[in-house]
Every structure is written in C-alpha cells, then in structure tokens.
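If you read the sequence from its start, that first residue is 1, and numbering goes on from there.
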Amino acid sequence: MGAAERIVPGIYLVAGPEITHAEDATAFVIDFDGELIMVDCGAGRSIERIIENVEQEGLDPAAISTLILTHAHIDHIGAAPALRERLGCRILIHDLDADAVEAGDPVRTAASWYGIAFPPTPVDRRLEGGEELLSFGGETLHCVHTPGHTPGSIAVWLDRGGKRVLFGQDIHGPFLPDFASDIGRWRDSMEKLLTLKAEILCEGHFGIFQPADRAEAYIRKYLSQYG
C-alpha cells in the first residue's frame, strides 16, 4: 500500500488501487477552508486505511460533510454506508444512478462482480440536469452530468491553485448492457469534458494526468478506441 498524495494545495488522493486496495477506484478529498468534500470512496474494504490517509495529511475525517459519488458502481461507492454511519456525511449522486444505490441493486452497482454485498443506502441529494453548482467555503464545485458508462455518471471539477482539476472517473468504461451503458451518449460526454480544458485529470483507475495536453490525450485515446 502507498501513501496519500497531494495533487494541488487542498486536494488529496486518498484511495485507489496503488494506495489502499486493488478493488478500490480512486477517491479524493477536497479541503474547502476546513470543510472536507470526498469524491468517491472505494469498494468498502479499505475504510480504515482511507481514514488514516486523511489523518496523515493533517485533516480531520470528521470534517467530511459530503460524499459525492460519480456513479453507482461498487468500486466507487462501497464505503458510503460505513462513512455515513461513522462520520455523518451526506451522500450525493445523480438522480439516474440513485435508485441503484438506494435499492442496493447487485447488478447495477456491479457488487456481484466483486462478491461484495452492498446494502440499500439512502441518498441525501439527487443531482439533476446537465450541471449543478455546489458552494463550499466560498468556492464553486461543478458537477457535470456525463452519461455513457452509466446513465447517471458525473464528472466533478473546480479551479484550484491556478489550475483546473477534473475528476473524470471511468472515462475508459467499460460499456455493458447490465450497466445501461450508451456509447453514443458517452462520446458526447467526453466532448463536453474536452471543452473544459482541464490541466489536471484525476481518473478512476489509471491515476493523475497532467499537464493539459496529457489530460486531453487520455480522453482522446478512448474516443478514438470507441470511435
């Protein structure tokens, strides 16, 4: 297992296959003047390690007020029930993926792939439409609907330290009927992300891509592959 990584001031990689457990997608904590927002949370078996990583960066896990789930797959949402119970954080996910989380659907959450039981988990806020703006500590966090991998996939971005940081989880897919994937909508979503001209791309399984030309090249590689 590796250590947490600071990406830019106040943004930390706290979970992922090279840091916590091979099952975990990447997860991030954003510090908004003491209020912490978490983006995804791994498959669920690494919660103690994730909390340790937050603490090792000098942050208080109890300050995590909000957990934003980029889509309904277990490697991104598995720790959500335990984090809510332990920290009292609220859970946000797009409306089109929320039912799978609330039902604990073993197929739509891909929990059956991992041999993990995911319990029905209430969602505190359903994000809707093409984009929602969330305000924390006087800053704006953008949640952009990027359907394709799943109907309710989102990307999250903000400007921090003079750079645009994009959390574009699972750009690479996969695209399967069990997930209600839609390649056509996914292509449109990727074109939308390219217009953001992110300088740092935080991807769900393959790490951090920077500067801007590497971030763009990563997205275009998959557009070409699935063209």
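Here the side chain of Gln169 pairs a donor or acceptor atom with the backbone of Gly204 at under 3.5 angstrom. In this structure, Ser181 contributes its side chain and Pro177 its backbone to no donor-acceptor pair below 3.5 Å. Judged by distance alone, the side chain of Arg164 and the main-chain N or O of Trp157 form no donor-acceptor pair under 3.5 Å. With hydrogens and angles disregarded, a donor-acceptor distance shorter than 3.5 Å links the side chain of Asp97 to the backbone of Gly152. Side chain of Arg187 to backbone of Tyr226: a donor-acceptor contact under 3.5 angstrom is found. Using a distance-only test at 3.5 Å, with no hydrogens or angles considered, a donor-acceptor pair links the side chain of Trp186 to the main chain of Ile171.
Side-chain polar atoms of Thr20 and Arg49 form no donor-acceptor pair below 3.5 angstrom. A donor atom on one side chain and an acceptor atom on the other are found under 3.5 Å apart for His73 and His149.
A salt bridge links Glu139 with Arg160: at least one charged nitrogen is closer than 4.0 Å to a carboxylate oxygen. Classification of Glu48 and Arg86 as a salt-bridged pair holds, one side-chain N sitting under 4.0 Å from a carboxylate O.
You'll find the side chain of Val14 stays beyond 4.5 Å of the side chain of Ile19, heavy atoms only.
The number of heavy atoms from other shown groups lying within 6.0 Å of CG (Asp213) is above 12.
Taking the ring axis of Tyr114 as reference, the NZ or CZ atom of Arg45 does not stay both within 45° of it and closer than 6.0 Å to the ring centre.
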Where do Glu203 and His172 land on the side chain to side chain donor-acceptor pair (under 3.5 Å) test, with the steps shown first?
CA-CA 9 Å; Glu203 209 276 337; His172 60 283; 2.7 Å; yes

Decide yes or no on salt bridge (charged side-chain N to carboxylate O under 4.0 Å, His left out) for Asp124 and Arg84, but give the supporting numbers first.
CA-CA 10 Å; Asp124 297 289; Arg84 180 214 291 281; 3.0 Å; yes

Assess the residue pair Phe175 and Phe179 against the criterion (ring pair (Phe, Tyr, Trp, His ring centres under 6.0 Å)); give the C-alpha distance rounded to whole Å, side-chain angles, the decisive distance to 0.1 Å, and a yes or no.
CA-CA 7 Å; Phe175 306 99; Phe179 300 160; 9.4 Å; no

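By the criterion of side-chain heavy atoms lying less than 4.5 angstrom apart, applied directly or through intervening Ile, Leu, Val, Met, Phe, Trp or Tyr residues, Val107 is not grouped with Ile77; the two fall into different hydrophobic clusters.
Going from atom CD of Glu132 over to atom CG of Asp95 covers 10.0 Å, rounded to the nearest 0.5 Å. The SG atom of Cys202 sits 7.0 Å away from the CD1 atom of Ile11 when rounded to the nearest 0.5 Å.
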